[in-house]
Amino acid sequence: MSYQPLDGQEGTLRSSSFSALESSTKDVFDERRPRYGFEPRRLHALISVAAGTVMCLFGYEQGVFGGIIVGHEFQDYFHHPSPSLTGFVTSIYDLGCFAGALLTLLVGEWLGRKRMLIIFTIIMTAGILLQTGAHSMNHLLWGRFIAGIGNGGNTATAPVWHVETSHDHAKGKAVVKEMVVNVFGFVVSNLITLAFSKLTTEAQWRFPLGIQVIFIVIILTLVPILPESPRWLLARGKDAEAKFILASLCEDDVEAEFKAIRDSVRQEHAVQASWSQIFRGGQATRRLLLGMLLQVCQQLTGINVLCYYLPLVLHKSVGLPELASRLLSTGVATLYIFATAACVFFIERLGRRPLLMSMAAAQAIAMLGIAVSTELGHDRGALIPGIVATIFITFYFLAFGFGWVATPWLYPAEINSLGMRTKGAALATACDWLFNYFVVQTTPIGIHYLKWGLYLVYATLNACFVPFIYYFLVETAGKSLEQIDKWFAANPGWLVHKAGDTAFTETHGAAEYEVVAAARESESMVKAYEQQDGDTYDVDMQPVEDSESLDGDYEELEAGDRRVN
């Protein structure tokens, strides 16, 4: 949907010049508010609901298949698939998600955040309907792959859209809320598969797959009526439209935020790197890789060994009966959502690095406990080791929900510069889905052949993530996207454990000199670029006349207003 904020009687701007508009942001907001009909807080809430529903659907898909593949009706209908086929039909969804994330990389910046969500939601709908009506394993495989394409595009886009429309102090909480509802979707999938587990018809597995259409309806109802990212609009040279949306989203100093974002856009275009330059090294490469590596780390924590296959793990590894496995899976999933919800209150207060390091250590201990307890209980039918394994599984979910469920999805949207934000988020999401596929594909085989050794592998990986985060990951909590840009200008080295916050706070001495020098260098690049080209630009590097000031935009709009009146 394309926004035309100034055609129509109620939404028409009546200021005589940009300077008049600039003098009273509140007046502009009051005139434009009827275009949306929502207060800023409610508008932010609706954006949270729309983005959250995307992630809720993602969470539902994570849990639903693990709940239906252990059912007798599913096993009978598809002739008791082997562990390798079970792994493939589950993991092919992740290959689809990988393909969807790559498509986002190719067309995301051109289409914009909203159009991407609408298109990929429609693709996902086709996949869900194909899965629900599947009459053979081939139908099921194609349905999961197509649904994965839609989900991959959505999950690469929704966090970026949410972050770019959120206040600086709330962007961390915004994405954590998305992941809370993501886990809620996981809980709902466990509840629904449990509720239908005793049916003796095909509805035992068809209904849990088909009910996902409810999420689709919510997304396609809300996204078209909500605003596009103002940062994306500014990158496209649509300054007037971006300011209109900022006025609708903000209650504070719209002018200051508009100028900060516009300056950041101009700096990004002045130093815009091509793909060949990005992969030759430098800050763009560094920022891109940090987001990608963190998503890889999230998958290698082993979360989807448990998320996708929790009933199977409890049944095969721990030795619980099928019904007990389903009941316990639902209970663990419920605790998981409480841990994720608690993260909302701590992610900005504690910061990304402390949460990730401490919870990675806790996850290593949990996986080690699962490995030891399942080995002790193997082939003995011992009750105590099974209980201990269940306790460690619950402990793992609490640690992951508190520290790791949200941050790897938030981080690529924060860490990448504006010009690379869509590409960075898409590549990071593609890495997440690629390694998700690897984990989900190998888990049934690992459970069958490695048994307790599978959990020992993930315990070791979690322990390795602690030094990686300490030495390489930049803290972004409470910092604006523009401040993060300045931090990288002031700190070019990869090791960050001694770097500090030289670009985030008032500094002195050498650190202050570095920041000032970086700022002057960036400013000179912008001036040189503008002197060379004469015009400003949108993301496709096509000239947009006189976007240095909005006077030209508003004069044209006023002329249209006079014609209307």
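The figures here come from the full heavy-atom set of this structure, side chains too, leaving out hydrogens, waters and symmetry mates. Index from 1, following the sequence.
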> Is it true that a side-chain atom of Trp404 and a backbone atom of Leu356 form a donor plus acceptor pair closer than 3.5 Å?
yes

> Mind listing the closest non-hydrogen atom pair of Thr53 and Val49 along with its distance?
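Closest approach of Thr53 to Val49: OG1-O, 2.6 Å.
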
> Flag the pair Ile192 / Val64 as yes when at least one side-chain heavy-atom distance between them is below 4.5 Å, and no otherwise.
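Not touching, per the 4.5 Å side-chain cut-off.
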
> Is a side-chain donor or acceptor of Tyr411 paired with a backbone partner of Val474 at a separation under 3.5 angstrom?
yes

> For Trp433 and Thr155, does a side-chain donor sit closer than 3.5 Å to a side-chain acceptor?
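There is such a pair between these side chains.
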
> Flag the pair Glu228 and Arg113 as a salt bridge only when some basic side-chain nitrogen lies within less than 4.0 angstrom of an acidic carboxylate oxygen.
no

> Below 4.5 Å, heavy atoms only, C-beta onward: do Val405 and Cys343 meet side chain to side chain?
no

> Evaluate side chain to side chain contact (heavy atoms under 4.5 Å, CB included) for Leu102 paired with Leu106, printing each intermediate quantity in order.
CA-CA 7 Å; Leu102 291 182; Leu106 298 175; 5.8 Å; no

> Between Thr301 (side chain) and Gln298 (backbone), is there a donor-acceptor pair under 3.5 Å?
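Yes, the answer is positive, given that a donor and an acceptor are paired below the 3.5 Å cut-off.
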
> Check whether Asp432 reaches the backbone of Ala428 with its side chain - one donor and one acceptor, N or O, closer than 3.5 Å.
no

> How close do Gly424 and Leu288 get, heavy atom to heavy atom, and via which atoms?
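So the two residues come closest at CA-CD1, 3.4 Å.
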
> Where is the tightest heavy-atom contact between Ile219 and Pro224, given as atom of each residue plus distance?
O-CD, 4.0 Å

> If you round to the nearest 0.5 Å, how far is CG of Asn436 from CG of Asn304?
4.0 Å

> Can you list the steps and then say if Tyr437 with Phe98 is a ring pair (Phe, Tyr, Trp, His ring centres under 6.0 Å)?
CA-CA 9 Å; Tyr437 167 76; Phe98 175 69; 9.0 Å; no

> Is it true that Glu241 and Arg236 make a salt bridge, defined as a side-chain N closer than 4.0 Å to a carboxylate O?
no

> Quick check for you: to the nearest 0.5 Å, what is the distance between Leu293 atom CG and Ile469 atom CD1?
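Here the interatomic distance stands at 11.0 Å.
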
> Looking at every non-hydrogen atom in both residues, tell me the closest pair between Asn491 and Arg286 and how far apart they are.
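That would be O-NH1, 2.7 Å.
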
> What distance separates Leu103 CG from Met116 CE, expressed to the nearest 0.5 Å?
7.5 Å

> Does the side chain of Pro227 come within less than 4.5 Å of Ile47's, by heavy atoms?
yes

> Just say parallel, tilted or perpendicular for the rings of Phe400 and Tyr336, cut-offs at 30° and 60°.
tilted

> In Å and rounded to the nearest 0.5 Å, what is the CD to CG distance from Glu164 to Leu233?
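The CD atom of Glu164 sits 9.5 Å away from the CG atom of Leu233.
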
> More than 12 heavy atoms of other residues, nucleotides or ligands under 6.0 Å from CZ of Phe402: yes or no?
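Yes, because the 6.0 Å sphere around CZ of Phe402 holds more than 12 heavy atoms from other groups.
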
> Report yes or no: does Ser189 contribute a side-chain atom to a donor-acceptor pair with the main-chain N or O of Phe186 at less than 3.5 Å?
yes

> Describe, in one word, how the ring planes of Phe472 and Trp494 are oriented to each other, choosing from parallel (under 30°), tilted (30 to 60°) and perpendicular (over 60°).
perpendicular

> Considering all heavy atoms of both residues, which atom of Ala99 and which atom of Ile149 are nearest to each other, and what is their separation?
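Where Ala99 meets Ile149 most closely, the heavy atoms are CB-CG1, 4.3 Å.
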
> Looking at Asn182 and Met55, would you say the former's side chain and the latter's main chain have a donor-acceptor pair under 3.5 Å?
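Yes, because the side chain of Asn182 sits within donor-acceptor range (under 3.5 Å) of the backbone of Met55.
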
> Answer yes if the side chains of Ser48 and His162 hold a donor-acceptor pair under 3.5 Å, and no otherwise.
yes

> Do the non-hydrogen side-chain atoms of Phe435 and Asp94 ever get within less than 4.5 Å of each other?
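The answer is no; the side chains never approach within 4.5 Å.
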
> Just by distance, do the side chain of Arg353 and the backbone of Glu475 share a donor-acceptor pair under 3.5 Å?
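Not a single qualifying donor-acceptor pair exists.
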
> Which pair of heavy atoms, one from Pro230 and one from Ala242, lies closest together, and at what distance?
O-CB, 3.6 Å

> Test side chain to side chain contact (heavy atoms under 4.5 Å, CB included) on Leu130 and Phe145 and set out the steps.
CA-CA 10 Å; Leu130 189 55; Phe145 181 73; over 6 Å; no

> Is a side-chain donor or acceptor of Gln295 paired with a backbone partner of Met292 at a separation under 3.5 angstrom?
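Side chain of Gln295 to backbone of Met292: no pair is present.
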
> Between the main-chain N or O of Phe258 and the side-chain N or O of Arg262, is there a donor-acceptor pair closer than 3.5 Å?
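Not a single qualifying donor-acceptor pair exists.
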
> Calculate, to the nearest 0.5 Å, the distance between atoms CG and CG belonging to Leu117 and Leu222 respectively.
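It comes to 11.5 Å.
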
> Side chains of Ser248 and Leu43: does their closest heavy-atom pair fall under 4.5 Å?
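When only atoms from C-beta onward are counted, Leu43 and Ser248 do touch, with a gap below 4.5 Å.
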
> May I ask you to decide if Val180's main-chain N or O and Thr340's side chain share a donor-acceptor pair within less than 3.5 Å?
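No, the answer is negative, given that no donor and acceptor are paired below the 3.5 Å cut-off.
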
> Mind checking the CG-CG spacing from Leu427 to Leu434? Nearest 0.5 Å is all I need.
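Nearest 0.5 Å value for the CG-CG distance: 11.5 Å.
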
> Set out, in order, the CA-CA distance, both residues' side-chain angles and the distance that settles side chain to side chain contact (heavy atoms under 4.5 Å, CB included) for Ile128 and Leu209, then state yes or no.
CA-CA 7 Å; Ile128 290 170; Leu209 291 173; 5.9 Å; no

> Taking NZ, NE, NH1 and NH2 as the nitrogens, is one of them in Asp485 or Arg287 under 4.0 Å from a carboxylate oxygen of the other?
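Looking at Arg287 together with Asp485, the answer is yes, because their closest N to O distance falls below 4.0 Å.
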
> With distance as the sole criterion, is a donor-acceptor pair present between the side chains of Tyr93 and Asn151 under 3.5 Å?
yes

> Are Gln212 and Thr125 side-chain neighbours, meaning at least one heavy-atom pair lies under 4.5 Å?
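Of all side-chain heavy-atom pairs linking Thr125 with Gln212, none is under 4.5 Å.
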
> With the side chain counted from C-beta on, respond yes when Val213 and Leu129 share a heavy-atom pair under 4.5 Å apart, and no when they do not.
yes

